[in-house]
Amino acid sequence: MSHLTDKLRAPYREAQGEVTVPGQMFDEIVAANPQRRTLLKNSFGLSMLSVFGASTLLTACGGDDDDDDDTSGNEPGEGGGTTPPPPGPDYSVTFTPLADKIVADTVTVPAGYVAEVLYSAGDKCMIGSVGYTGVPQSYPATENQAGGQHDGMHFYALPGVDPNQGGLLVLNHEALDDETLDQSVEGVKTRLSNVGVSVIEIARGANGAWAVKTDSRYNKRYTGNTVYNVSGPAKSVVGDTVVGTLNNCSSGDTPWGTYLTCEETLNNYHYKTGDAGKPADEGYGWVVEIDPQNPDSTAVKRTAMGRFSHENTAFMLDENNRVAFYMGDDTTPGCIYKFVPAKAYDPANRAANMGLLDEGTLYAARFNDDGSGNWVELTVGKNNLTTGATDPGNFTQVASGTVITGKLVDFNTQADVLVNTQAAARVAGATLMDRPEWITVGVDKTVYCTLTNNGSRKRTSAANPRVSNSHGHIIRWHERGDSPLATTFEWDLLLLAGRDPADGAAANLTGNVNGDTFSSPDGIRVDPKGRLWVQTDAGTSASTTDFFGNNSMYYIDQKTGESKRFLVGPLGCEITGIAYTPDLTTFFINIQHPDKTWNTLRAGGGDARSATVVVRRTDGKPVGA
């Protein structure tokens, strides 16, 4: 989540009588205080098969050649034998880390790399769209072109297209790129058109550069003005349809090749005072499933997965095609969730999976102080989810010794549990975490979650060990038996973000990062070669950049914890979103809310635009190697 989103949501929270948690905006905190066969057996291989296809995956993953025929031309007895296949690409991390405290107004990458803008706020998307040229626009023009504040994304292959040369890029638009908009005309619709999702077909040119195919039939916008179907147990409360998806933060994919965009808001705050027709709050805060391969399909809000400030989804798949989806609630504080569909994924029948997310069990995580953990079932009638339950609220933000009175809440149906998932998790005894954001599942089935920060925490736990946790940390866990169906797990902390111990700062500001330090981890993803990447969303004033530089992207060694700075963004931005081609020679990274001169069109600037950038090596080798 952009820290700017906190400011957008604050008026709604205050109007509802909620306390806007101080310290969630960082500037205020500081001011105040061996082979392919093996691969195909694991969850990654199965998921890649569903997205990229078997032949593509085998090509992309390297390793030995499965063809046992002798093609060397040597006859038996001539001593030549079978010619060994050429070695595959080397994915070892060898780039030279970037320097500390970079504050340049550009995207900085290591020597031998380029960072090229691919798709900016206001760019052409759907066929016939006009595109932003430096003059603010309004609805309906804005409905069919790129939205603002690019965030989570995923790359999908297309039938008949080499996925290392082209495919679909699907990305979220979290909030507005205000300077590109004319809100004096159709103000509500203009704002709502700037959020949601873009689906774009992209292709790599002969020179290695990527471009959007603006004439592609796949190109589509899903916006705050689009009508979405509703499914699952809470449909009885929400209704058959909802107008709009918004605050689309991060996202995830599914084994059957759909895109899950995550709504990080519980209301439609783009309606200002005096605007008529504001929709009911219950329509927002859901996971929305989109089929990018079928532009004629209608996206669906999947209510069985719970309603909260969704950040992203990440899945784990077992050998029996049972799957679990992990989710973080980007709230200060918030809980970590898991949804297990009632039925197995069917890799032979894609259509049969389209309703898989409508029936299953939702859990919230309890991290015990001894390093064990368990998944608490959020089903009506279980774990105190009954009529007259007491919600303790965000008690971790209240000083120890303070009496927690709580608030009565009724859970009469499963729809009540799902519409009020945050309260249900607290009632059931899940652990309130320091703002859970992205989750990723590694090739070895280790699960990681970034806990971005919580500057107002008063009560600590082993999983959240710092009061006034200004810089955040990363937690990881292993499900019992590496099973997505497990109800218990073991956890530990990968690292505490923060300042170098040599700075002599207070304990809550000091981290234990081995190497390049950072604040406020947000985006996180383990790539198909098991390499862990972390992106940051820290404050952008000098009180932060004097110690950490601009927001950046890092490679983290999962065994040693060593951190290597790989990319630094321009002034004012957050680094978010990570996707890649199967051969890992192209990474797609999002630059959100830059605020100076980078990527401007207007004469004299003032319209720095969020954008997706392509990061690649000039020699064509895998990124990071």
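None of these values were measured; they are calculated from a predicted model.
Checking side-chain atoms of R366 against main-chain N and O of G429 turns up a donor-acceptor pair under 3.5 Å. For the pair T421 (side chain) and G306 (backbone), a donor-acceptor distance under 3.5 Å is absent. For the pair N353 (side chain) and L356 (backbone), a donor-acceptor distance under 3.5 Å is absent. Under a 3.5 Å cut-off, the side chain of D416 and the backbone N or O of T413 do form a donor-acceptor pair. Checked by atom type and distance alone, the side chain of H150 never pairs as donor or acceptor with a backbone atom of A146 at under 3.5 Å. At distances below 3.5 Å, not a single donor-acceptor pair connects side-chain atoms of N453 with backbone N or O atoms of G472. With hydrogens and angles ignored, the 3.5 Å screen pairs no side-chain donor or acceptor of T245 with any backbone N or O of G196. Looking at D329, its side chain does come within 3.5 Å of a backbone N or O of S309 through a donor-acceptor pair. Using a distance-only test at 3.5 Å, with no hydrogens or angles considered, a donor-acceptor pair links the side chain of H473 to the main chain of A463. For the pair N368 (side chain) and D370 (backbone), a donor-acceptor distance under 3.5 Å is absent.
The two residues A415 and P233 have their closest heavy-atom pair at CB-O, 3.7 Å. Of all non-hydrogen atoms in L584 and P528, the two that sit nearest each other are CD2-CD, 3.9 Å. The two residues F315 and V323 come nearest to each other via the heavy atoms CB-CG2, 3.8 Å. Of all heavy-atom pairs spanning C262 and S251, the tightest one is SG-CA, 4.2 Å. The heavy-atom pair separating P436 from C449 by the smallest distance is CB-SG, 4.0 Å. Of all heavy-atom pairs spanning L532 and V526, the tightest one is CD1-CG2, 3.6 Å.
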Q: Under the side-chain hydrogen bond (donor to acceptor under 3.5 Å, both in side chains) rule, what do D358 and S231 come out as? Steps first, then yes or no, please.
A: CA-CA 6 Å; D358 288 338; S231 67; 2.5 Å; yes
**Q.** Pair L192-T223, side-chain contact (heavy atoms from CB on, under 4.5 Å): steps then yes or no
**A.** CA-CA 6 Å; L192 292 174; T223 76; 5.8 Å; no
Q: Evaluate the criterion side-chain hydrogen bond (donor to acceptor under 3.5 Å, both in side chains) for residue pair E479 and Y326; output intermediate values, then yes/no.
A: CA-CA 12 Å; E479 297 278 31; Y326 300 89; 2.6 Å; yes
Q: Would you sort out whether N225 and S193 count as a side-chain hydrogen bond (donor to acceptor under 3.5 Å, both in side chains), showing the intermediate values?
A: CA-CA 6 Å; N225 298 307; S193 69; 4.9 Å; no
Q.
Between F489 and S372, does the side-chain contact (heavy atoms from CB on, under 4.5 Å) criterion hold? Intermediate values first, please.
A. CA-CA 6 Å; F489 56 90; S372 67; over 6 Å; no
Q: Would you check, one step at a time, whether the test side-chain contact (heavy atoms from CB on, under 4.5 Å) holds for M327 with N312?
A: CA-CA 6 Å; M327 303 169 286; N312 85 323; over 6 Å; no
(Q) Quick one, T331 with Q422, criterion side-chain hydrogen bond (donor to acceptor under 3.5 Å, both in side chains). Give me CA distance, side-chain angles, the key distance, then yes/no. (A) CA-CA 9 Å; T331 301; Q422 293 171 324; 3.2 Å; yes
Q: Begin with the C-alpha distance, continue with both residues' side-chain angles, and end with the deciding distance and a verdict on side-chain contact (heavy atoms from CB on, under 4.5 Å) for W438 and Q535.
A: CA-CA 10 Å; W438 284 42; Q535 301 165 321; 4.3 Å; yes
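With hydrogens and angles left out, the side-chain atoms of D434 and N454 include a donor and acceptor closer than 3.5 Å. Checking N268 against Y284 by side-chain atom types alone, a donor-acceptor pair falls below 3.5 Å. A side-chain donor from one of W256 and T258 sits under 3.5 Å from a side-chain acceptor of the other. Counted by atom type alone, N248 and E264 present zero donor-acceptor pairs between their side chains at under 3.5 Å. A donor and an acceptor atom, one from each side chain of T536 and N551, are located under 3.5 Å apart. A side-chain donor-acceptor contact under 3.5 Å links S610 and D177. At a cut-off of 3.5 Å, with distance as the only test, a side-chain donor of Q558 or Y448 sits close to an acceptor on the other residue. For the residue pair Y363 and N374, no side-chain donor N or O sits within less than 3.5 Å of a side-chain acceptor on the partner. For the residue pair S250 and D151, no side-chain donor N or O sits within less than 3.5 Å of a side-chain acceptor on the partner. Counting only N and O atoms by type, the side chains of S198 and Y119 include a donor and acceptor under 3.5 Å apart. With hydrogens and angles left out, the side-chain atoms of T261 and N172 include a donor and acceptor closer than 3.5 Å. Residues T612 and N590 bring a donor and an acceptor atom of their side chains to less than 3.5 Å of each other.
Using a 4.5 Å heavy-atom cutoff, the side chains of I578 and F588 are not in contact. Looking only at side-chain heavy atoms (C-beta outward), L357 and F325 come within less than 4.5 Å of each other. Here the side chains of V199 and Y222 are in contact, with some heavy-atom distance below 4.5 Å. Between T460 and R466 there is no side-chain heavy-atom pair separated by less than 4.5 Å. Looking at heavy atoms from C-beta onward, H173 lies out of side-chain contact with Q149 at the 4.5 angstrom threshold. The shortest side-chain heavy-atom distance between M433 and T396 does not fall under the 4.5 Å cut-off. Contact check for L385 versus L378: side-chain heavy atoms found under the 4.5 Å cut-off. The side-chain heavy atoms of L171 and I200, taken from C-beta on, include a pair separated by under 4.5 Å.
Looking at K343 and D346, no side-chain N of the basic residue comes within less than 4.0 Å of a carboxylate O on the acidic one, giving no salt bridge. The pair D318-R322 does not count as a salt bridge, with every side-chain nitrogen at least 4.0 angstrom from each carboxylate oxygen. Taking 4.0 Å as the cut-off between side-chain N and carboxylate O, E263 and K301 count as a salt-bridged pair. Between D291 and R350 there is a salt bridge, since at least one side-chain N of the basic residue sits less than 4.0 Å from a carboxylate O of the acidic one. A salt bridge links D391 with R426; the closest basic N to acidic carboxylate O contact falls under 4.0 Å.
Atom NZ of K382 sits about 3.5 Å away from atom CD of E377, to the nearest 0.5 Å. Atom-to-atom distance recorded for I474:CD1 and L451:CG is 8.5 Å, nearest 0.5 angstrom. Atoms NE2 and CG, on H270 and N247 in that order, are 6.5 Å from each other to the nearest 0.5 Å. To the nearest 0.5 Å, atom CZ of residue F155 and atom OG1 of residue T581 are 6.5 Å apart.
None of F566, W533, F587 except one satisfies the ring-ring contact (aromatic ring centres under 6.0 Å, His included) rule with Y555; the exception is W533. Partner of R307 under the side chain to side chain contact (heavy atoms under 4.5 Å, CB included) criterion, out of D281, V238, L418: D281 alone. Remark: of the listed residues R435, H471, E437, E311, E437 is the sole one forming a side-chain hydrogen bond (donor to acceptor under 3.5 Å, both in side chains) with T452.
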